[in-house]
Amino acid sequence: MLRLIDATFGKWVRHTLFILIRSYYALFYNVSCSGKHLLQTDNGTLILATHVSRHDGPLISAILYSTKRIRPTVHYNEYYHWMQWLPMWIGSAIPMSSPKSWPDERRAARKQHTLGVIHRVLDNGNCVLLFPAGLTRRQPQEIIAPGLSGVHDILRSEPDTPVVLLRLDGLGQFQRATYDLFWSFLGRTKGRRHVGVALTPLEGLDPNLPLPAFNARLEELLNTPITHDL
């Protein structure tokens with residue numbers, strides 16, 4: 001029953017929601033996106049993205065929506081916040097992690113459940129959007145906390161999963177802000193902010209590495225300049 005609702009009513013609600021979100025970002029951001037074709041050549045792709053602002057999740061989902069269905073991952077507390085639950089549910093977000101107040105057994109069970117959901121989504125040919133750093137940047141570089149193991153766990157259990165790296169430029173507080181003249185007819189000197197989204201294949205990330213070495217390598221890849229040829 002839930003699948004029927006998702007494929008009918010849910011589908012049209014998502015269409016409407018993402019049209020509104022994309023229209024909003026088109027008014028205030030001049031977004032260019034390269035590499036979207038990578039999501040069409042592979043099914044069940046894991047997208048690992050830099051996290052430069054609070055706009056990242058909805059902006060990426062809206063820009064890629066017409067290419068492939070994107071299931072973003074969000075922190076457990078964000079998903080179940082009373083003000084955010086409904087749009088998170090409509091957007092098919094996947095809650096990750098769990099409250100630290102839970103017993104270890106319950107947290108472990110929750111982790112296994114979440115990994116199972118992610119693998120089912122990938123097996124169905126959809127994409128999963130994950131921010132390896134977890135939190136929005138509070139510094140110029142991406143930093144992955146030592147205990148974050150989501151990417152490592154996903155790839156260890158299914159090492160053949162296609163992975164792409166998504167890097168955002170021009171959106172975060174530590175990135176250069178440039179503008180076009182979209183609003184110049186109103187007498188405003190600033191128009192839409194230029195934002196670059198680039199997807200590149202990610203290779204050489206060995207899930208058999210110990211978690212600290214794996215996260216160090218992933219950190220290095222996330223911090224590679226957007227114009228660098230991987």
Side-chain angles (χ1 to χ4, degrees), residues 35 38-39 42-54 56-57 60 70-80 88 93-124 126-168 172 174 198-226 228-230:
L38 296 171
L39 303 181
D42 291 317
N43 285 324
T45 301
L46 179 63
I47 305 171
L48 305 181
T50 55
H51 205 353
V52 301
S53 80
R54 59 185 177 86
D56 298 348
I60 293 171
I70 308 297
R71 297 285 302 273
T73 58
V74 297
H75 193 275
Y76 182 94
N77 291 337
E78 291 181 341
Y79 185 92
Y80 288 104
M88 292 285 187
I94 302 172
M96 295 190 73
S97 71
S98 57
K100 293 183 178 180
S101 59
W102 285 9
D104 292 342
E105 295 80 5
R106 187 180 179 187
R107 297 194 71 190
R110 178 69 191 184
K111 182 177 183 179
Q112 290 304 312
H113 169 77
T114 302
L115 290 174
V117 171
I118 289 173
H119 288 305
R120 285 196 297 274
V121 170
L122 294 172
D123 290 342
N124 288 335
N126 296 316
C127 296
V128 172
L129 172 64
L130 195 150
F131 299 99
L135 299 174
T136 304
R137 280 188 199 173
R138 293 179 173 84
Q139 65 287 318
Q141 300 292 312
E142 297 281 318
I143 296 177
I144 302 176
L148 294 181
S149 62
V151 179
H152 191 245
D153 294 333
I154 293 169
L155 295 182
R156 274 179 68 89
S157 58
E158 289 193 24
D160 293 330
T161 300
V163 185
V164 298
L165 186 65
L166 187 152
R167 286 167 293 186
L168 285 158
F174 297 101
L199 292 93
T200 52
L202 196 156
E203 298 176 353
L205 188 61
D206 185 2
N208 293 314
L209 289 172
L211 181 60
F214 179 90
N215 281 348
R217 175 58 179 155
L218 182 54
E219 233 179 54
E220 179 185 354
L221 291 168
L222 290 169
N223 289 312
T224 303
I226 200 170
H228 187 77
D229 184 8
L230 292 178

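Nearest heavy-atom pair across Ala145 and Asn215 is O-ND2, 3.9 Å. Here the closest non-hydrogen pair linking Ile144 and Leu148 is CG2-CB, 4.1 Å. Val74 and Tyr79 get closest at one heavy-atom pair: CG2-CB, 3.7 Å. Taking every heavy atom of both residues into account, Met96 and Thr114 meet most closely at CG-CG2, 3.9 Å. What you find for Ile60 and Ala49 is that their closest heavy atoms are CD1-CB, 4.2 Å. Shortest non-hydrogen contact noted between Arg110 and Pro95 is NH2-CG, 3.3 Å.
The CD1 atom of Ile94 sits 9.5 Å away from the CG atom of Leu129 when rounded to the nearest 0.5 Å. Here CD1 of Ile47 is found 12.5 Å from CZ of Arg71. Values are rounded to the nearest 0.5 Å. Note that CG of Leu46 and OG1 of Thr161 are 7.0 Å apart. Values are rounded to the nearest 0.5 Å.
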Start with the C-alpha gap between Leu222 and Arg167, add the side-chain angles, then the distance that decides, and say whether side-chain contact (heavy atoms from CB on, under 4.5 Å) holds.
CA-CA 7 Å; Leu222 290 169; Arg167 286 167 293 186; 5.6 Å; no
Does the side-chain contact (heavy atoms from CB on, under 4.5 Å) test come out yes or no for Arg217 and Leu205, once each step is laid out?
CA-CA 7 Å; Arg217 175 58 179 155; Leu205 188 61; 3.8 Å; yes
For Leu39 and Leu199, what are the C-alpha separation, side-chain angles and deciding distance, and is it a side-chain contact (heavy atoms from CB on, under 4.5 Å)?
CA-CA 9 Å; Leu39 303 181; Leu199 292 93; 4.1 Å; yes
Determine, stepwise, if the pair Arg107 / Ser98 fulfils side chain to side chain donor-acceptor pair (under 3.5 Å).
CA-CA 6 Å; Arg107 297 194 71 190; Ser98 57; 2.9 Å; yes
I would like to know whether Leu48 and Leu218 meet side-chain contact (heavy atoms from CB on, under 4.5 Å); could you show each step before the answer?
CA-CA 9 Å; Leu48 305 181; Leu218 182 54; 3.9 Å; yes
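Of the possible donor and acceptor atoms, none in the side chain of Asn43 sits under 3.5 Å from a partner among the backbone N and O of Asn124. No donor-acceptor pair closer than 3.5 Å links the side chain of Ser97 to the backbone N or O of His75. Looking only at distances, a side-chain donor or acceptor of Asn223 sits under 3.5 Å from a matching main-chain atom of Glu142. Although no hydrogens or angles enter the test, the distance criterion places no donor-acceptor pair under 3.5 Å between the side chain of Asn126 and the main chain of Leu122. Distance alone, capped at 3.5 Å, is enough to place a donor-acceptor pair between the Asp56 side chain and the Ser53 backbone. Between the side chain of Arg137 and the backbone N or O of Phe174 there is no donor-acceptor pair closer than 3.5 Å.
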Side-chain donor-acceptor pairs under 3.5 Å in residues 150-158, sequence neighbours left out?
| unit_1 | atom_1 | unit_2 | atom_2 | d |
| --- | --- | --- | --- | --- |
| His152 | NE2 | Pro207 | O | 3.0 |
| His152 | NE2 | Leu209 | O | 2.8 |
| Asp153 | OD2 | Lys111 | NZ | 2.8 |
| Asp153 | OD2 | Ser149 | OG | 3.0 |
| Ser157 | OG | His119 | NE2 | 2.7 |
| Ser157 | OG | Asp153 | O | 3.2 |
| Ser157 | OG | Ile154 | O | 3.0 |
| Glu158 | OE2 | His119 | ND1 | 3.2 |

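Using a 30° and 60° split on the angle between ring planes, Tyr76 and Trp102 fall in the perpendicular class, above 60°.
Enclosure of atom CD in Glu203 is not indicated, since only 12 or fewer non-hydrogen atoms of other residues, nucleotides or ligands lie within 6.0 angstrom.
Counting only heavy atoms from C-beta outward, the side chains of Leu135 and His51 never approach each other to under 4.5 Å.
A side-chain contact (heavy atoms from CB on, under 4.5 Å) with Leu202 holds for exactly one of Thr45, Leu38, Leu221; it is Leu221.
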